[in-house]
Each structure stands twice: as structure tokens, then as C-alpha cells.
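Since the structure comes first, as C-alpha cells, the remarks are kept for the end.
As the structure lists them, so they are numbered: ligands from 1, and atoms in each ligand from 1.
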Amino acid sequence: MLPWVIHALRSSGPCGAEAGYLPGNQELLPVSGALSLASVHPRMFKEYFQYKGISFPRLIYSEQGLREVENEFQVRDDDVFNVTYQKSGTVWMLEILSLIHSNGDPSRCRTVPNWDRGPWYETVLGLQTARSNQPPRLISSHLPIQLFAKSFFQSKAKVLYTVRNPKDVFVSLYHFAQIFRPYKEPGQLDQFLEQFLEGDVPFGSWFDHVKGWMGLRGHENFFWISYEELQQDLRGSVERICRFLGKQLDAQAMDGVVENASFQAMKQNKMSNFSLAPRFLLDQTHSSFLRKGIAGDWKNQLTTAQSENFDRVYREQMQGLELSFPWDELSPQPSPPPTPGGS
Ligand SMILES: Nc1ncnc2c1ncn2[C@@H]1O[C@H](COP(=O)(O)OS(=O)(=O)O)[C@@H](OP(=O)(O)O)[C@H]1O
């Protein structure tokens, strides 16, 4: 969701020497000189628009761009899509895929920003980058399946879908929304939790997103993996990803992928940690984009009541999806009360 920020920064130059553009709904706002808050209409910050029932921040997306992605974008058979619900490990998978492509050599990851290596094609400027990148293209997306490029469904392009414990997604999003200016302030955690569970956040409902994409299970061009599996066994996960991509890495190349896709390596890489984003858009003073990088942080952030409420909605929403996720055993369905006289 950040790529256009950096495009704006890049096109205005690090010292703001050239004119850049910030995307808006109706028009592109010219930004001359150094980017500053004064350059952007205050209305553009923290305002969402609805596209087919899903909220998008106006500062980054446009109705026209979303229509183009859905109806006109030409997917190529050799495209690889990195798809997630936000805060599920998008930039991690982007790094892994970049490193697999370069046989574990980190040079490109250290010199080309991740938003150029794997642009989020639903953003205004990400779409331009995706169109102009040379094949084979790596493209990132948070779009729910119903808004994805229609041409994908007639192609042999591959989708890798990363899914994460929604409680950790929620916690990560709660912190991110406090530092990312295009997003509305999340307010109290309790209130934001209600919005999240109702799908009243950008990209809509986590439940709908996951159920929608999981409908592609079994298709040969669809692969899914969890953030938790990446955490538990990164090397084994990379091997599975390589098999899906039809790519063979020798042991040295595999070492290169695993080492350079670690949380610490990515945190130190300015092409991956968003430290190049202008502070008035992403202020990493009090919290970072690469914040904790762990599974299960929700236990530190949610009360028992909040967690139980989450579990209740989760069970309602996910019933019927015959699929178990690594976190399911962490929140088992409460056993029914013992029947009188039963053993
Ligand atoms: N290498 C690596 N290892 C472990 N965890 C990692 C890694 N890279 C990113 N992350 C964590 O992923 C969270 C950000 O998710 P996304 O990249 O999907 O964010 S976004 O939706 O594209 O804005 C965010 O999670 P939280 O730390 O829980 O906030 C990142 O820290």
C-alpha cells in the first residue's frame, strides 16, 4: 500500500529537485519541490471512497485505477502475483520471491526498492510500474478476488497467497493505522476491533478475502502458505515455493534467500524497510513498518474478552470452509457442556 509514496518521493528527487505527482481521485496533484503537507489537499488524507462495497484510501487509489486493473490490465502467463490481505506478510513474500528470482543474490534487493520490484498494481502509481516492468513480472496485491484483474482467470499466471492469523493481522493493522497517514486514525482498540470484524477497514473483510481466494485451492496456478509456516520453517517454505514456481536453487542460493529474507536483514535494508518514505506519510518514529515480525503478538494486545469475541466471529464466518490453519488449534472451539449423565 505504500508504493506510490515512494514514487512521489523518487519523482521529486531526494532533495525535491524535480516535480512529482501525488495521485488523487479526480486528478494528479502536482508537487513541486520537496514534498510537504502543504502540497496535498488535507481532504485527501484519511478519506476513503467505496469501490464495489470495499473501502480504499483516496490518497493512494482511484476508482479509475481500480476499474482499469479489473477490466483492462493484461495479465501475462509468466506473471507471478504476491497476494495477501494487508498486514499478512506481503513485503516478506515479496522479498522471498525477489531473492528466489535472483538465485539468492541480494544485490537487487539492496538497490531496487521493493515497490518497484513487486508493485502493488491496484495503487495509482503501482499500476504504471506493473505495466512498465519487464517480464517476468512480480506483482503484489491486496485486492479481494472479485476485484482482481479479470484477465488473470484466463491466464497461466501464478498466484501465491499468504495468509496470517487474523488476530495478528488486526494487531499489526492497528499499529500501522497509527503511523500511515492515508489511513483513518484507528482510535481505541476496542472500537477498531469492531470495525475490523465487520470488514469496515480498507480492503474489506479479512474473512471474505480469505474465503474468496481460498476458492482457488486445487488450481495448479494457485499456491497458499501461512505467515506462521514461514516463521516456523523458512527454508522448507522456500523449497515449497520453489517447487510451485518450477525453480531449482542450489544450497548456496537457498542460504542467500533465507538469510536475506530474515526479519533482521529486511529491517536493515532501506529498500525493504520503507525508511525512504516521507515522514508526513509514514512516520516510523514510534512504531515501524517492520514492527515485531512475530506470530502470536495478539496475546500481548487483546484482552480475554476481545479474544473470545474474535473467536466467536471467526467461527461464524469461517464455518463450512474445510481447511485448517496453523492458528486454529490455538483457539479451539469450546467443548459443549457435558450432557447430564454423559461420560
Ligand atoms: N522477514 C519478516 N519476518 C517476519 N515478519 C515480517 C517480515 N517482513 C515483514 N514482516 C511483518 O509483516 C507485517 C507487515 O505485513 P505486510 O507486509 O503484509 O504489510 S502491508 O499490508 O503490505 O502494509 C508486519 O508485522 P508486525 O510486525 O506484526 O506488525 C511486519 O513486521
Using heavy atoms and a 4.0 Å limit, tell me yes or no: is [X] in contact with ligand 1?
X: W120; result: yes
X: L290; result: yes
X: K87; result: yes
X: R164; result: yes
X: F289; result: yes

Checklist entry - Taking 4.0 angstrom as the limit, do E229 and R240 come out as a salt bridge? => result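 A salt bridge is present here (some side-chain N lies under 4.0 Å from a carboxylate O).
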Checklist entry - When you check the gap from the basic side-chain N to the acidic O, do R181 and D283 get nearer than 4.0 Å? => result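 No, no charged N to carboxylate O under 4.0 Å.
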Checklist entry - Which bit of H142 is near ligand 1, meaning a heavy atom under 4.0 Å away: side chain, backbone, both or neither? => result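 The answer is the side chain.
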Item to check | Which segment of S172 sits under 4.0 Å of ligand 1 when only heavy atoms are counted | outcome: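 The answer is both, backbone and side chain.
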Checklist entry - H209 vs W213 aromatic rings, parallel, tilted or perpendicular, using cut-offs 30° and 60°? => result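 H209 and W213: tilted rings.
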Next on the checklist: I'd like to check whether G89 has a polar contact with ligand 1, where a contact means an N/O of the residue lying under 3.5 Å from an N/O of the ligand.
Outcome noted: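 Yes, G89 has an N/O under 3.5 Å of an N/O on ligand 1.
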Checklist entry - Among F274, W92, Y227, which one has a heavy atom closest to atom 11 (C) of ligand 1? => result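 Comparing heavy atoms across F274, W92, Y227, the nearest one to atom 11 (C) of ligand 1 lies in Y227.
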Checklist entry - N273 versus F289: any side-chain heavy-atom pair under 4.5 Å? => result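 Not touching, per the 4.5 Å side-chain cut-off.
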Next on the checklist: Tell me if a side-chain donor or acceptor on D328 pairs with a main-chain N or O of F325 at a distance below 3.5 Å.
Outcome noted: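 A pair under 3.5 Å: yes.
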